[in-house]
Asks: 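Supplied in structure tokens, the structure appears directly below.
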Amino acid sequence: MTGTDVQKEAEDSGPSGYAAARLRLLTEETRSGPPRRSALADLTDEWLTGLFAAGAEGLRGASLVAVGGYGRGELSPRSDLDLLLLHDGGDTKAVAALADRLWYPVWDLGLDLDHSVRTPAEARKTAGEDLKVQLGLLDARHVAGDLGLTASLRTAVLADWRNQAPKRLPELQELCAERAERQGELQYLLEPDLKEARGGLRDATALRAVAASWLADAPREGLADARRRLLDVRDALHLATGRATDRLALQEQDQVAAELGLLDADTLLRQVYEAARLVSYASDVTWREVGRVLRSRAVRPRLRAMLGGAKPVGERSPLAEGVVEQDGEVVLARAARPERDPVLPLRAAAAAAQAGLPLSLHAVRRLAATVRPLPTPWPAEAREQLVTLLGSGRPTIEVWEALEVEGLITQLLPDWERVRCRPQRNAVHLWTVDRHLIETAVRASEFTRRVSRPDLLLVAALLHDIGKGWPGDHSVAGEIIAKDVAARIGFDRHDVTVVAILVRHHLLLIDTATRRDLEDPATVRSVAEAVGSQGTLELLHALTEADALATGPAAWSSWRGSLVADLVKRVSAVLAGDAPDEPEEAAPTAEQERLALEAAATGSPVLSLRAQTEPPAGQEPSGDPEPLGVELLIAVPDQPGVLPAVAGVLAMHRLTVRTAELRSLYLPDGVDGSVLLLDWRVAAEYGSLPQAARLRSDLVRALDGSLDIAGRLAERDAAYPRRRGVVAPAARVSVHPAASRLATVIEVRSQDAPGLLFRIGRALEDASVQVRSAHVSTLGANAVDAFYVTGPEGAPLPGDEAASVARKLEETLRG
């Protein structure tokens, strides 16, 4: 039977005919999805038109209007009918009789009905008082009666909506937020409400309302398909349960999946999650744009100038190479060329997360469309930017989701596709697999001061459950994948092995601590053998806690934490041996010795700034990790204040210190004195490198006291305050008395920031200690620096004095 035949049957047979035609339509296997919803709306229109014609004989100035979902022509099998009987206020008794002739047949068939009887003025007044009524009227559609009456109401309601948008849109946003708080996020719930949860059908309707305001518009790509998919699932849910429900309960998911021709309930949930994620992302982008437009309307340029100090509209502030902030978003610089810069997506993402700003939709889409794939292995900068992004805390989540919606994550990490939107049917888990991995990285970012290799911790956090997309034990499968990913992103063999061990054994500590006898030496030895080293144990301890905290409140407690800490303490004792011998100092290279002799002869600093180059075409790169930035060699006659002077000059020139070595170099026989040698890797924050002659000139002035570095840095920070979007863990300073026989080792773990090394060096100078050598490394956004210091006589510091220096340094960095 064709759609026309179904409608003819409904017209000829009255209510019973409509019911039969409706049942026939819903059981047709050849028609589903949008065609069936549209046909059901058409069928209902025909029936109600017949009812209206029979009841409105002789009545003028009345019309029947479909609103809400019915107004959009989207009737699911058990949808209620939203109807407005509109009249001009003339014959109210006839209108009331007509209403009875319309509503009672609907109720007699057991259909849910949301109805009202109003004049156009009453409808507009109610809409002005009730936002939900106004939203329903935005989808008003004429069904029967006076077409002109319906059209004039539609025109007036749309005009009201657009005129009142600056007031009503914030109300709508607040409604959406309150609903999300009550119902949760559709893309993570095991039993989601397809309509009310965040990312569901209500949010999709809200986006239509925003578009109708002409104030802003949602990203349209994929949104219609996401909405259609959610409606298809709701249709199948109605047919499977026979009820007007929007909640996709666990016990009904297999039947709904079968109704849709899907493999199983997990496939169903994954499709629902993907659609909800796209709707949620579109909502975030849209409400951000609404806020931007409303702010720009509220603060006109002339008023902003009168207020003073506010940033003019459209001003761009640089964040990183090729990346700037504009209007509260991170966008690409005008000179950025994504097609020539494969690291740009990660650099932009890291800059956005560090600044606590969203990536603009236009920037993400341009990157997705034009950027070239990264080479294998990745350049060192790409790896560092990934680590910085992962270590940025909560802002990482929004930035990561923006990249994921546009396909950039699976382009960077192809193995991500198997865990993307994958449900976890475990009441302990709050998140899908992919979101759990990001949540774990966020939690791990809080523990970066506890470990000496925060980069390995963050990458292991990202990958620890990557094997859940494969059959079998996810830890075993994950170890294989983690090895491949870690090697691809550029870690050396040792680091790849550590990451693989962390992924393979990420459940080892919690399982052993809660299920085994820790008094049994064999238990502790087995864990020690699996872990292998103190450094890996330290990382595994932090990963265990981050994983549990990211799982849900039932996965971690103070009791579990104390058991794991006890196990770690016992394993550490097994792994501990005698303190290692003092490492032999490497002999200087010919270039280092040349610079040292020149510095000794001239009595002033000498430096060399040498850019690193890629290996010639066809030549294999060396086995050493790729250097970060360019090599800066400085030789300075041994004197106080060298470390803060060099670090301060580099900060003034916006050079980021990636790695740094400082040591005393004793000159050949016959040459008096000693020279401090600094072998550093530096990179420009953005723009080009300064000239070596300019660096040397400023260094000379810094050492003789004629250059006020602290004042210059303070002036720059005041003029261009750095946005701090990330609330980083507090700096931690510790003393390692057994690490050296010749000096006291003070280790600093802190958030990297411009001028950090200058502040550390100045604090150590103020403490009247001598820096014998320094070993500085920047891992993503984390600085892990070790300083070998002595007292004025060249001996290690007494314990209480060392503790005092460390405490004061920590206070300086936290102040």
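Model, not experiment: these values are computed from the prediction.
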Asks: Please report the interatomic distance CZ(R277) to CG(L186), rounded to the nearest 0.5 Å.
Replies: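 So the CZ of R277 and the CG of L186 are separated by 11.0 Å.
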Asks: Are Y70 and D114 packed together at the side-chain level, in the sense that at least one heavy-atom pair is separated by less than 4.5 angstrom?
Replies: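 SC-SC contact between Y70 and D114 ruled out.
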Asks: For a 4.5 angstrom cut-off between non-hydrogen side-chain atoms, does L268 reach V233?
Replies: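 Yes; the side chains approach each other to less than 4.5 Å.
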Asks: To the nearest 0.5 Å, what is the distance between CD on E545 and CG on L509?
Replies: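 If I round to the nearest 0.5 Å, the distance is 11.5 Å.
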Asks: Using the side-chain hydrogen bond (donor to acceptor under 3.5 Å, both in side chains) rule, collect all pairs that involve residues 255-266, keeping only residues at least two apart or in two chains.
Replies: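 Only D264-T267, D266-R425 qualify under side-chain hydrogen bond (donor to acceptor under 3.5 Å, both in side chains).
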Asks: Return each pair, listed once, that meets ring-ring contact (aromatic ring centres under 6.0 Å, His included) where at least one residue sits in residues 171-207; pairs must be two or more places apart or across chains.
Replies: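 Sorted result for residues 171-207: Y188-W431.
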Asks: Only counting residues at least two apart or in another chain, list the ones meeting side-chain contact (heavy atoms from CB on, under 4.5 Å) with T245.
Replies: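 side-chain contact (heavy atoms from CB on, under 4.5 Å) check on T245 returns L237, T241, R243, R247.
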Asks: For the side chain of T27 and the backbone of L23, is there at least one donor-acceptor N/O pair under 3.5 Å apart?
Replies: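 Confirmed, T27 side chain pairs with L23 backbone.
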Asks: Output yes when a side-chain donor or acceptor of Y273 lies under 3.5 Å from a complementary backbone atom of L189, and no otherwise.
Replies: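 Here the side-chain-to-backbone pair exists.
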Asks: What closest approach, in Å, do A477 and W470 show between heavy atoms, and which atom pair accounts for it?
Replies: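 Closest approach of A477 to W470, heavy atoms only: CB-CB, 4.1 Å.
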Asks: Can you list the residues that meet the side-chain hydrogen bond (donor to acceptor under 3.5 Å, both in side chains) rule with Q251, with sequence neighbours excluded?
Replies: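 Counting only residues at least two positions away or on another chain, Q251 forms no side-chain hydrogen bond (donor to acceptor under 3.5 Å, both in side chains).
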Asks: When you compare the side chain of L507 with that of D547, does any pair of heavy atoms fall below 4.5 Å?
Replies: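 SC-SC contact between D547 and L507 confirmed.
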Asks: Is it true that R202 and D246 make a salt bridge, defined as a side-chain N closer than 4.0 Å to a carboxylate O?
Replies: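 No, this pair does not count.
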Asks: Apply side-chain contact (heavy atoms from CB on, under 4.5 Å) to T514 and R560, showing your working.
Replies: CA-CA 7 Å; T514 57; R560 287 173 177 259; 4.3 Å; yes
Asks: Do you know the tightest heavy-atom contact between R488 and P414?
Replies: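 The pair with the smallest heavy-atom distance is NH1-CD, 3.3 Å.
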Asks: Enter the distance from L194:CG to D232:CG here, rounded to the nearest 0.5 Å.
Replies: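 Output value for this atom pair is 11.0 Å.
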Asks: Are any non-hydrogen side-chain atoms of L437 and W400 less than 4.5 angstrom apart?
Replies: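 Sidechains of W400 and L437: no contact.
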Asks: If the condition is side-chain hydrogen bond (donor to acceptor under 3.5 Å, both in side chains), which residues does R101 pass it with, not counting sequence neighbours?
Replies: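 Per chain and number, R101 pairs via side-chain hydrogen bond (donor to acceptor under 3.5 Å, both in side chains) with no residue.
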Asks: What pairs with R420 under salt bridge (charged side-chain N to carboxylate O under 4.0 Å, His left out), at least two apart in sequence or on another chain?
Replies: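 Scan of R420 (salt bridge (charged side-chain N to carboxylate O under 4.0 Å, His left out), adjacent residues dropped) gives E274, E417.
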Asks: Any side-chain to backbone donor/acceptor pair from S38 onto P35? Under 3.5 Å, distance only.
Replies: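 Pair absent, no side-chain N/O of S38 close to backbone of P35.
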Asks: Check whether more than 12 heavy atoms from other residues, nucleotides or ligands sit under 6.0 Å from atom CD of E191, and answer yes or no.
Replies: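 Above 12, so yes.
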Asks: List in chain and number order the residues that pass side-chain contact (heavy atoms from CB on, under 4.5 Å) with R504, two or more places apart in sequence or in another chain; answer none if no residue qualifies.
Replies: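 Residues passing side-chain contact (heavy atoms from CB on, under 4.5 Å) with R504: S475, V476, E479.
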Asks: What residue among H474, H541, H436 forms ring pair (Phe, Tyr, Trp, His ring centres under 6.0 Å) with H506?
Replies: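 With H506 as partner, H474, H541, H436 yield a single ring pair (Phe, Tyr, Trp, His ring centres under 6.0 Å), made by H474.
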Asks: Using a 4.5 Å cut-off on heavy atoms from C-beta on, say whether the side chain of W107 contacts that of H115.
Replies: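 Result yes, sub-4.5 Å side-chain heavy-atom pair found.
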Asks: Once rounded to the nearest 0.5 Å, what's the spacing between atom CG of L135 and atom OG1 of T205?
Replies: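 If we round to the nearest 0.5 Å, L135:CG and T205:OG1 are 8.5 Å apart.
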Asks: For A461 versus T440, what's the shortest heavy-atom pair and its separation?
Replies: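 For A461 versus T440, the nearest heavy atoms are CB-CG2, 3.8 Å.
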Asks: Nearest 0.5 Å, what's the CZ-CG distance between R37 and L75?
Replies: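 That separation rounds to 10.0 Å.
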Asks: To the nearest 0.5 angstrom, please state how far the CG atom of L81 sits from the CG atom of D112.
Replies: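 If we round to the nearest 0.5 Å, L81:CG and D112:CG are 8.5 Å apart.
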Asks: Flag the pair L248 / E252 as yes when at least one side-chain heavy-atom distance between them is below 4.5 Å, and no otherwise.
Replies: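 L248 does not reach E252 side chain to side chain.
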Asks: For R227, check side-chain hydrogen bond (donor to acceptor under 3.5 Å, both in side chains) against everything at least two apart and list the hits.
Replies: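 For R227 the side-chain hydrogen bond (donor to acceptor under 3.5 Å, both in side chains) partners, ignoring immediate neighbours, are E74.
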Asks: Looking only at heavy atoms, what is the nearest atom pair of I466 and V419, with distance?
Replies: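 Closest heavy-atom pair between I466 and V419: O-CG1, 3.6 Å.
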Asks: Mind checking what makes side-chain contact (heavy atoms from CB on, under 4.5 Å) contact with A275, not counting sequence neighbours?
Replies: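 For A275 the side-chain contact (heavy atoms from CB on, under 4.5 Å) partners, ignoring immediate neighbours, are A226, R229, L230.
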Asks: What verdict does the salt bridge (Lys or Arg N to Asp or Glu O under 4.0 Å) test give for D434 and K468, after you've listed the backbone C-alpha separation in whole Å, the side-chain angles of each residue and the deciding distance to 0.1 Å?
Replies: CA-CA 10 Å; D434 56 342; K468 285 189 174 178; over 6 Å; no
Asks: Output yes when R394 and E439 qualify as a salt bridge under the 4.0 Å nitrogen-oxygen rule, no when they do not.
Replies: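 Yes, charged N to carboxylate O under 4.0 Å.
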Asks: Got a sec, which residues hit side-chain contact (heavy atoms from CB on, under 4.5 Å) with R422, two or more places apart in sequence or on another chain?
Replies: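 R422: side-chain contact (heavy atoms from CB on, under 4.5 Å) contacts with R270, V433.
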Asks: Tell me whether T126 contacts the main-chain N or O of A123 through its side chain, where contact means a donor paired with an acceptor under 3.5 Å.
Replies: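 No: the side chain of T126 does not pair with the backbone of A123.
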Asks: Looking at S76, is its backbone amide N or carbonyl O close enough to the side chain of R36 to form a donor-acceptor pair, meaning the two atoms are under 3.5 Å apart?
Replies: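 Looks like no, no N/O pair under 3.5 Å.
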Asks: Has E129 got more than 12 heavy atoms of other residues, nucleotides or ligands less than 6.0 Å from its CD?
Replies: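 Buried by this count: over 12 neighbours within 6.0 Å.
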Asks: Which atom names give the shortest non-hydrogen contact between L457 and L543, and what distance separates them?
Replies: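 Scanning both residues completely, I find the closest heavy atoms to be CD1-N, 3.7 Å.
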Asks: Run the side-chain contact (heavy atoms from CB on, under 4.5 Å) test on H505 and V531 for me, step by step, so that the C-alpha distance in whole Å, both residues' side-chain angles and the decisive distance to 0.1 Å come before the verdict.
Replies: CA-CA 8 Å; H505 296 298; V531 174; 5.9 Å; no
Asks: Before giving the answer on side-chain contact (heavy atoms from CB on, under 4.5 Å), spell out for Y18 and V106 the whole-Å C-alpha distance, their side-chain angles and the decisive distance to 0.1 Å.
Replies: CA-CA 10 Å; Y18 169 73; V106 175; over 6 Å; no
Asks: With sequence neighbours excluded, tell me which residues meet side-chain hydrogen bond (donor to acceptor under 3.5 Å, both in side chains) with D82.
Replies: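 If we apply the side-chain hydrogen bond (donor to acceptor under 3.5 Å, both in side chains) test to D82, skipping adjacent residues, there are no hits.
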Asks: Any side-chain heavy atom of R22 sitting closer than 4.5 Å to one from W47?
Replies: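 No, every pair of side-chain atoms sits at 4.5 Å or beyond.
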Asks: Please lay out, stage by stage, how D139 and R208 fare under the test side-chain contact (heavy atoms from CB on, under 4.5 Å).
Replies: CA-CA 9 Å; D139 291 311; R208 290 169 56 92; 3.1 Å; yes
Asks: Is the side chain of R179 donor-acceptor paired with the backbone N or O of E196 at a distance under 3.5 Å, no angle test?
Replies: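 Flag set: sc R179 to bb E196 pair under 3.5 Å.
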Asks: List in chain and number order the residues that pass salt bridge (charged side-chain N to carboxylate O under 4.0 Å, His left out) with D473, two or more places apart in sequence or in another chain; answer none if no residue qualifies.
Replies: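 Residues passing salt bridge (charged side-chain N to carboxylate O under 4.0 Å, His left out) with D473: none at all.
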Asks: When you measure from the centre of the six-membered ring of W161, is the NZ or CZ of R168 closer than 6.0 Å and no more than 45° off the axis?
Replies: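 Judged by the rule (NZ or CZ under 6.0 Å from the ring centre, within 45° of its axis), R168 is not positioned above W161.
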Asks: So which heavy atom on A244 is nearest to which on R78, and how close?
Replies: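 So the minimum-distance heavy-atom pair works out to CB-O, 3.3 Å.
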Asks: Any salt bridge linking R198 with D284? Criterion: basic side-chain nitrogen under 4.0 Å from a carboxylate oxygen.
Replies: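 A salt bridge links R198 with D284.
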Asks: One thing to verify: whether R228 and D235 come together as a salt bridge, which I'm taking to mean a side-chain N less than 4.0 angstrom from a carboxylate O.
Replies: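 Here D235 does not pair with R228 in a salt bridge, since their nearest N and O are not under 4.0 Å apart.
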